[in-house]
2 protein chains.
Amino acid sequence: MNLDSETKAVELPDDHGTELRLWLRLLTCTTLIEGEVRSRLRERFDVTLPRFDLMAQLDKVQDGMTLSDLSKRMMVSNGNVTGLVERLVESGHLDRRTSETDRRVQFIRLTKLGRAEFRKMAGEHEKWIADIFGDLSPKDMRELMRLLAKAKGSAQRAAKARTP
Amino acid sequence: MNLDSETKAVELPDDHGTELRLWLRLLTCTTLIEGEVRSRLRERFDVTLPRFDLMAQLDKVQDGMTLSDLSKRMMVSNGNVTGLVERLVESGHLDRRTSETDRRVQFIRLTKLGRAEFRKMAGEHEKWIADIFGDLSPKDMRELMRLLAKAKGSAQRAAKARTP
DNA sequence: GCCAATTGCTTGAAGCCTAAAGAAATTGCA
DNA sequence: TGCAATTTCTTTAGGCTTCAAGCAATTGGC
């Protein structure tokens with residue numbers, strides 16, 4: 001019996017099962033963690049993940065950011081950010097200021113209250129994440145970082161190839 | 001100078017920066033790929049990712065599944081599945097049949113049309129995923145699978161500890 | 001200066017998603 | 001049997017998300 005033809009008979013011409021399983025595992029893993037973080041944010045601080053993420057972006061800068069910057073960094077649509085910011089201004093966490101040189105542009109900043117609350121949440125959040133990844137060794141984490149970077153690069157290459 | 005105390009001075013008492021960066025990279029990577037898949041499904045087949053996912057679950061079985069099974073497998077809420085199924089029944093892709101032994105239960109199946117369309121989509125989808133992960137070697141993929149499994153286990157452990 | 005193209009943001013329609021409350025059916029236990 | 005607890009599913013209110021269309025302001029080429 002020819003082992004080679006045997007193998008070919010089992011393997012279909014284009015077998016991409018490995019990639020598919022990898023993608024499903026990646027998705028499951030992220031969904032699981034995201035759900036856990038979402039629950040904890042809700043229970044502990046009564047805040048949603050998108051609001052937390054938006055505040056996290058703003059906490060990194062001192063003098064504010066435009067809506068476009070926010071939507072690029074958060075990888076969500078412009079209209080989405082409009083709504084999120086609106087609700088966070090409403091609740092007193094954010095502050096909008098129209099640019100003086102370009103009246104289309106608005107600079108969004110954390111208010112004093114917003115920054116204080118965010119810092120409090122971020123402290124706990126960081127501990128949750130450390131707990132969630134607690135079973136991974138430093139070496140595991142380094143390796144995972146490296147492979148995810150590679151996967152990200154690969155995905156960006158594929159996305160670019162489709163939309164030149 | 002004492003190197004040890006030097007190190008301690010730099011490292012904060014609880015530094016969880018690595019875990020946090022890892023989580024952000026995982027999230028970015030998944031969001032990127034998910035967005036790409038979503039776009040392609042929309043452009044090519046005018047279908048949403050949740051609908052595709054739901055049909056993927058149903059394609060795996062012959063004789064249908066209950067709404068509860070679906071919501072567990074998809075890791076989304078019950079009410080969410082109710083709405084998704086409703087729209088897919090509407091469009092002729094799904095078929096509902098009330099259980100004869102328990103009138104609360106409904107078995108959901110793909111229709112002939114639904115299965116045919118799903119198979120067509122799934123074939124292309126698999127190629128997209130293979131392309132998206134194309135830069136990873138088989139060894140990279142094996143290693144990534146292993147580390148993600150470990151991360152998943154760790155997250156499940158953490159989630160369970162919070163909700164006993 | 002003029003005006004077409006671009007940029008920054010908002011709006012509207014549609015769909016996705018959750019938590020919580022509730023309706024209907026079944027189960028299990030006294 | 002009787003009925004309380006549970007299970008399955010739907011509904012509702014609110015928020016998130018996208019895409020496409022639209023408005024207002026700015027820019028750049030002429």
Side-chain angles (χ1 to χ4, degrees), chain A residues 27 30-32 34-55 64-91 93-94 96-108 163, chain B residues 27 30-32 34-55 64-91 93-94 96-108 163:
Chain A
L27 189 54
T30 302
T31 304
L32 184 66
E34 195 174 324
E36 183 62 20
V37 171
R38 205 180 283 274
S39 291
R40 296 195 193 198
L41 281 174
R42 209 175 100 56
E43 272 178 26
R44 184 75 180 80
F45 300 111
D46 195 30
V47 76
T48 65
L49 187 51
R51 290 181 198 196
F52 180 81
D53 283 346
L54 196 152
M55 288 195 270
M65 246 168 135
T66 67
L67 290 182
S68 295
D69 288 342
L70 277 170
S71 79
K72 259 170 232 144
R73 280 173 189 268
M74 295 178 70
M75 301 201 288
V76 299
S77 70
N78 247 323
N80 190 353
V81 173
T82 295
L84 276 171
V85 166
E86 193 174 295
R87 285 182 286 270
L88 282 165
V89 167
E90 177 67 25
S91 64
H93 293 84
L94 261 48
R96 16 178 26 147
R97 194 164 39 89
T98 302
S99 162
E100 293 181 1
T101 61
D102 184 339
R103 273 179 300 171
R104 289 167 307 178
V105 176
Q106 305 197 35
F107 292 104
I108 313 295
T163 318
Chain B
L27 189 54
T30 303
T31 304
L32 183 66
E34 194 174 325
E36 183 62 20
V37 171
R38 205 182 282 274
S39 292
R40 295 195 193 199
L41 281 173
R42 211 174 107 53
E43 272 178 27
R44 183 79 180 77
F45 300 112
D46 195 31
V47 77
T48 65
L49 187 52
R51 288 182 200 196
F52 179 80
D53 282 347
L54 197 152
M55 287 196 272
M65 247 169 135
T66 67
L67 290 181
S68 295
D69 288 342
L70 278 170
S71 78
K72 258 170 233 146
R73 280 174 189 267
M74 295 178 69
M75 302 202 286
V76 299
S77 69
N78 247 323
N80 189 356
V81 174
T82 295
L84 275 171
V85 166
E86 194 173 294
R87 285 182 287 270
L88 281 165
V89 167
E90 176 68 25
S91 63
H93 294 83
L94 262 48
R96 16 178 27 146
R97 195 164 37 91
T98 302
S99 161
E100 292 182 1
T101 61
D102 184 340
R103 272 179 301 170
R104 290 168 306 177
V105 175
Q106 305 197 34
F107 292 104
I108 313 295
T163 317

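Residue numbers start from 1 in every chain, and the chains themselves are labelled A, B, ... in the order their sequence lines are given, proteins ahead of strands. Computed from heavy atoms alone, side chains included, the values below leave out hydrogens, waters and symmetry copies.
Proximity of Asn80(A) to Met74(A): side-chain heavy atoms (C-beta onward) are nowhere separated by under 4.5 Å. In this structure the side chain of Val47(A) reaches within 4.5 angstrom of the side chain of Met55(A), judged on heavy atoms. The closest side-chain heavy-atom distance from Met65(A) to Arg73(A) is below 4.5 Å.
Distance CD (Glu43(A)) to C1' (dA20(C)): 15 Å, rounded to an integer number of Å. Here dT18(C) presents its C1' atom at 16 Å from CD of Glu36(A), a figure rounded to the nearest Å. Note: CE (Met65(B)) to C1' (dC9(D)) measures 16 Å, nearest angstrom. Rounded to whole Å, atom C1' of dC17(C) lies 11 Å from atom CZ of Arg38(B). When rounded to the nearest whole Å, the span between CD of Glu34(B) and C1' of dT17(D) equals 12 Å. The distance between atom CG of Leu54(A) and atom P of dC16(D), rounded to the nearest whole Å, is 10 Å. Between the C1' atom of dT18(C) and the CE atom of Met74(B) lies a distance of 14 Å, rounded to the nearest Å. With rounding to whole Å, Arg103(B) atom CZ is found 18 Å from dA23(C) atom P.
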*Please report the C-alpha distance between Thr66(A) and Asp69(A) in whole Å, then the side-chain angles of each, then the deciding distance to 0.1 Å, and finally whether the side chain to side chain donor-acceptor pair (under 3.5 Å) criterion is met.*
CA-CA 5 Å; Thr66(A) 67; Asp69(A) 288 342; 3.3 Å; yes
*Checking side-chain contact (heavy atoms from CB on, under 4.5 Å) for the pair Leu54(A)/Leu94(A): CA distance, chi angles, key distance, verdict?*
CA-CA 10 Å; Leu54(A) 196 152; Leu94(A) 261 48; 3.8 Å; yes
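Residues Ser77(B) and Ser71(B) share a closest heavy-atom pair of O-CB, 3.9 Å. What you find for Glu86(B) and Arg96(B) is that their closest heavy atoms are CA-NH1, 4.3 Å.
The residue among Ser39(A) and Asp102(A) whose nearest nucleotide of DNA chain C is located toward the 5' end is Asp102(A). Along DNA chain D, the nucleotide nearest to Thr101(A) and the one nearest to Leu84(A) differ in position, and the one closer to the 5' end is contacted by Leu84(A).
Contact annotation for Ser77(B): base contact, defined as any heavy-atom pair under 4.0 Å involving a base atom. Within 4.0 Å (heavy atoms only), Arg42(B) reaches sugar-phosphate atoms of the nucleic acid but no base atom.
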Between protein and nucleic acid, restricted to nucleotides 10-13 of chain D and to nitrogen or oxygen atoms under 3.5 Å apart, what atom pairs and distances do you find?
| residue | atom | partner | partner atom | Å |
| --- | --- | --- | --- | --- |
| dT10(D) | OP1 | Arg96(B) | NH2 | 3.1 |
| dT10(D) | OP1 | Gln106(B) | NE2 | 3.3 |
| dT10(D) | OP2 | Thr82(B) | OG1 | 2.8 |

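Between the side chain of Thr30(B) and the backbone N or O of Leu27(B), no donor-acceptor pair lies under 3.5 Å.
Expressed to the nearest 0.5 Å, how far CG of Leu67(A) lies from OG1 of Thr82(A) amounts to 5.5 Å. Distance check, rounded to the nearest 0.5 Å: OG1 of Thr98(A) to CZ of Arg103(A) gives 9.5 Å.
Contacts of residues 45-52 of chain A with DNA chain C (heavy atom under 4.0 Å): none.
In the set dT18(C), dG15(D), dC16(C), the nucleotide with an atom closest to the side chain of Arg87(A) is dG15(D). Each of dG8(C), dT6(D), dT18(C) was ranked by its minimum atom distance to the side chain of Arg104(B); first place goes to dT6(D).
Ser68(A) has a side-chain polar atom (N or O) that falls below the 4.0 Å cut-off from OP1 or OP2 of dC9(C).
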